[in-house]
Amino acid sequence: MPNDCVTYQNSGYFSKLIVDYLDEKSELQSLYNRFPKIENFLDQIEEKSKNFPFENREILVSALEKQYENFEISKSTSQNIQLLKLSNSYTITTGHQLNLFTGPLYFLYKIASTINLCKELKQKYPTQNFVPIYWMATEDHDFNEINYFNFKDKKFRWNRESKGPVGRLSTEGLDLVYEAFSKEIGLGNNAKYLLDLFKKSYLKHQNLASATRFLANELFKNEGLVIIDGDAKELKKLFVPYVKRELVEQTSFHKVNEILPKLEAYNIQVNPREINLFYIQNELRERIIFENGNYTINNTTLKFSEKELLIELENNPENFSPNVILRPLYQEIILPNLCYIGGGGEIAYWLELKSNFEANNITFPMLLVRNSVLLVTEKQALKLDKLELSWNEIFMSQKSLSDKKTKDFSAFTIDFSEQKAILQKQFEALHQIALQTDKSFTGAVKAQEKKQIQGLENLEKRLLKAERKNHASKLERIFEIQNELFPNKSLQERTQNFSTFASEVDDFESFILKIQFKLNPLTQNFTQIIL
C-alpha cells in the first residue's frame, strides 16, 4: 500500500493563491488575521471574546431553537446549542450550498473537518467550548448549481422553475428524482438506507432548507453539529446597522477595492459591487442598485428613496440579503466564531475581505482550507500496489506519469544528461580556439553546439517514445486506475456524490465514521481513505 504524502501544494489541484497562502508567503500575510495553527487559537479567542456582545448569544440561541422546532436532534446537538449562551463558548464554521442530496463529496469533508477541529481545540483548551456550525446557504438563488447530484455515471436532476432564495423553495417534484434514483440504485449495499434517507429528507419536508437540515443532521447526528439558517428575521436585526452603512456609504465596495491591488498576481475570485445587497420578497431576490439619487431593485419597478429604504430596513430586515462579499461579515456578526473552513475558492474570496471587517470593527476569523480526500476501494488499492504506484504518482498529469513510469519500467536509463555534459565539455575547447580567431567562427561553434545538443534531446525523446510503446499495456492499466480515481481528470470530491461509495461498502455508518476518523483539519496533506 502506498505510504507517501501528497501535500496540497504539490498536488497540482490548488491555485497559486492557495499554495502561497498555505506557504504563508509574506505578501499575503496582511490579508488574514492569524494562520490556522493550534497555538494561534488562544489569541483569536481573546480577540473574539472582546468583540462579540453577550446579548447576541441569547438572540442566536433563541433563533436556533426556533429553527430546530419539529426536528429530532441528538443530545450532543441540543447541548451545543445551549452552550452558545456561555461566554466561553465559540464556534468553528463551514458553509455550503443546499446541493441536492449533498452534491459533491466535499460537503462531507467540510463538515467532518469542522467537527474534528472542535474536538482538537477542546483537547488543547479544555476550559473553552467549541461548537461545530454548518451554515446553510439558504439565500443563494443560483438553482442550476445545486439541483442535481451524480450517482456513479448518471446525473439526477431536479427539473423545475426557480426564483428567489433556494432555501424557501418547495420540494415539489422531488418524488420524480426519488423514483429515478430508486430504479438506478437497485438492490446494492445500503440501497434501502440511501433511498429512505432521500425520502425522509426531501419527500417529508416542505422546503429545501428543512430538507437539507434534516439530511445534514441525520448524517452527523451524533457529533453535535449545529445547523444554522441565516434567513431569519431575529438574526437579520443584528445586521441592520451594517446594512444601513452599506446602503449609505458603500463601505464594502471601497474597502475591498483597497485590497484587490495586493492580489494582482492572482486570479481575483469576486469583485465587489457598489452595493453588495439583495432585496428579498417572496420569490424575488434581486440586487439593490443606487442610481439617480434613488434605490431601485434590479429587474423590477420597485424604487425607494434613502429614507424609505431605511424605514423598510428597520421594519423588515429579513427583506435584505447579503451577497458573497457581505455574507461573511453577517456570519461573523451573529456567531462567536473563531475560524471559517472552506475550499480553495472560498478562502480566495475571504482573503479580499479583511479591510471591510476592520472598517466595521468585526473580528476577522482564521481561514482554514478544508480537508481534501481521495476515496479508494480495496480493489483499487490492490491495483495500485500491483502497478507499483505511489500516491504522488497517481496525482501526476498523465503526460508526466507516462514519462516517469516509462523510465521506471525501462531496462536502461532514458536520460542523455551524461552525453550532453561530455558534448558540452568538448565544445569548451572549440570555444577557446574561437576566441583566438575570427568572430564568425565563434558563431559557427555556438550554432553547431546548439544543433548537437538538440539532436541528443530529440534522440532522448524518440527513445522515450519507443519505450512507451514497449510498455503500452502496463501504462494503459495505470491510466485506467487513474481515470477511475480522477474522473474527467478532476478531483473525485468535486463531482462524485457520497451515495456512489456508500453503495459499495457493507455498512453505511462505518463509512461515515471512517471519514470522520481519518480527517485531520490542521494538516496540509491529501487524505487517502481505503474503503
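Computation of the quantities below employed the complete heavy-atom set of this structure, encompassing side-chain atoms and omitting hydrogens, waters and symmetry-equivalent molecules.
- By the 4.5 Å heavy-atom criterion applied to side chains, Asp4 and Glu393 are not counted as neighbours.
- Heavy-atom neighbours of Glu24 CD from other residues, nucleotides or ligands within 6.0 Å: above the threshold of 12.
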Checklist entry - Can you check side chain to side chain contact (heavy atoms under 4.5 Å, CB included) on Asn147 and Val166, steps first, answer last? => result CA-CA 10 Å; Asn147 69 343; Val166 294; over 6 Å; no
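- Looking at Lys354 and Glu358, a side-chain N of the basic residue comes within less than 4.0 Å of a carboxylate O on the acidic one, giving a salt bridge.
- Ion pairing between a basic and an acidic side chain is recognised when a charged N comes within 4.0 Å of a carboxylate O; Lys110 and Glu346 show such pairing.
- Side-chain contact between Trp350 and Tyr32 is absent, with no heavy-atom pair separated by less than 4.5 Å.
- Around OH of Tyr266, the count of heavy atoms belonging to other residues, nucleotides or ligands within 6.0 Å exceeds 12.
- Around CD of Glu218, the count of heavy atoms belonging to other residues, nucleotides or ligands within 6.0 Å exceeds 12.
- Atoms OG and CG, from Ser182 and Asp196 in turn, are 11.0 Å apart once rounded to the nearest 0.5 Å.
- Asn371 and Ser113 form a side-chain donor-acceptor contact under 3.5 Å, judged by distance and modelled atom types alone.
- If you take OG1 on Thr500 and CD1 on Ile185, they are separated by 9.0 Å, rounding to the nearest 0.5 Å.
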Next on the checklist: As a quick check of understanding, evaluate side-chain hydrogen bond (donor to acceptor under 3.5 Å, both in side chains) for Asn497 and Ser499, giving each step before the final call.
Outcome noted: CA-CA 5 Å; Asn497 182 262; Ser499 59; 2.7 Å; yes
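- In Glu476, the CD atom is not crowded: 12 or fewer heavy atoms of neighbouring residues, nucleotides or ligands sit closer than 6.0 Å.
- Remark: Lys255 NZ is loosely packed, at most 12 non-hydrogen atoms of other residues, nucleotides or ligands lying under 6.0 Å away.
- Residues Thr93 and Thr114 have side chains not in contact (no heavy-atom distance under 4.5 Å, counting atoms from C-beta outward).
- You'll find the ring centres of Tyr90 and Phe41 outside the 6.0 Å limit.
- Side-chain atoms of Thr138 and Leu98, non-hydrogen and from C-beta on, do get closer than 4.5 Å to each other.
- A donor and an acceptor atom, one from each side chain of Gln482 and Gln398, are located under 3.5 Å apart.
- Here the closest heavy-atom approach between residue Ile347 and residue Gly342 is recorded as CG1-O, 3.8 Å.
- Scanning both residues, Asn356 and Ser252, for their nearest heavy atoms gives OD1-CA, 3.3 Å.
- Taking a 6.0 Å sphere around CD of Glu39, one finds it holds more than 12 heavy atoms contributed by other residues, nucleotides or ligands.
- When side chains are defined from C-beta on, Leu338 counts as touching Ile92, because their heavy atoms get closer than 4.5 Å.
- In this structure, the separation between CG on Leu329 and CZ on Arg327 is 10.5 Å, given to the nearest 0.5 Å.
- The shortest side-chain heavy-atom distance between Glu504 and Lys152 falls under the 4.5 Å cut-off.
- Among all heavy-atom pairs drawn from Leu375 and Leu485, the shortest one is O-CD2, 3.8 Å.
- Defined by atom type and a distance below 3.5 Å, a donor-acceptor pair is missing between the side-chain atoms of Glu223 and Gln516.
- Using a distance-only test at 3.5 Å, with no hydrogens or angles considered, no donor-acceptor pair links the side chain of Asn116 to the main chain of Pro521.
- Remark: of the listed residues Phe14, Tyr13, Tyr21, Phe14 is the sole one forming a ring pair (Phe, Tyr, Trp, His ring centres under 6.0 Å) with Tyr8.
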Item to check | Evaluation steps, ring-ring contact (aromatic ring centres under 6.0 Å, His included), between Phe151 and Phe181 | outcome: CA-CA 8 Å; Phe151 175 72; Phe181 185 39; 5.5 Å; yes
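- Residue-environment remark: CD (Glu509) stays at or below the threshold of 12 foreign heavy atoms within 6.0 Å.
- Across Gln492 and Pro487, no two heavy atoms sit closer than the pair CA-CD, 4.0 Å.
- Under 4.0 Å is where a charged nitrogen must lie from a carboxylate oxygen, and between Glu47 and Arg34 at least one such pair does.
- Rounding to the nearest 0.5 angstrom, the gap separating the CE atom in Met366 from the NZ atom in Lys37 is 9.5 Å.
- Aromatic ring centres of Phe149 and Phe107: separated by at least 6.0 Å.
- Proximity of Asn483 to Lys489: side-chain heavy atoms (C-beta onward) are separated by under 4.5 Å at one or more points.
- Of the possible donor and acceptor atoms, one in the side chain of Thr77 sits under 3.5 Å from a partner among the backbone N and O of Leu225.
- Paired with Thr91 under the rule side chain to side chain contact (heavy atoms under 4.5 Å, CB included), one option of Asn129, Leu335, Asn80 passes, and it is Leu335.
- Note that CD1 of Ile111 is 12.0 Å distant from OH of Tyr106, once rounded to the nearest 0.5 Å.
- Under the 4.0 Å criterion applied to side-chain N and carboxylate O atoms, Lys399 and Asp403 are assigned as salt-bridge partners.
- The shortest heavy-atom contact between Ser76 and Lys221 is OG-O, 4.0 Å.
- For Phe101 and Phe156, the gap between ring centers reaches or exceeds 6.0 Å.
- The aromatic ring centroids of Tyr340 and Trp135 lie 6.0 Å or more from each other.
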Next on the checklist: Checking Arg370 against Glu493 for the salt bridge (Lys or Arg N to Asp or Glu O under 4.0 Å) test, could you report, in this order, the C-alpha distance in whole Å, the side-chain angles of both residues, the deciding distance, and whether it holds?
Outcome noted: CA-CA 12 Å; Arg370 64 168 174 81; Glu493 63 186 32; 2.9 Å; yes
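- Minimum heavy-atom separation, Asn144 to Arg157: O-NH1, 4.3 Å.
- Taken to the nearest 0.5 Å, the CG atom of Asn323 stands 4.0 Å off from the CG atom of Asn276.
- Atom CZ of Phe517 is surrounded by 12 or fewer heavy atoms from other residues, nucleotides or ligands within 6.0 Å.
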Next on the checklist: Does Val177 form a side chain to side chain contact (heavy atoms under 4.5 Å, CB included) with Tyr202? I'd like the steps, not just the answer.
Outcome noted: CA-CA 10 Å; Val177 179; Tyr202 294 102; over 6 Å; no
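- Side-chain contact between Phe395 and Asn10 is absent, with no heavy atoms from C-beta onward closer than 4.5 Å.
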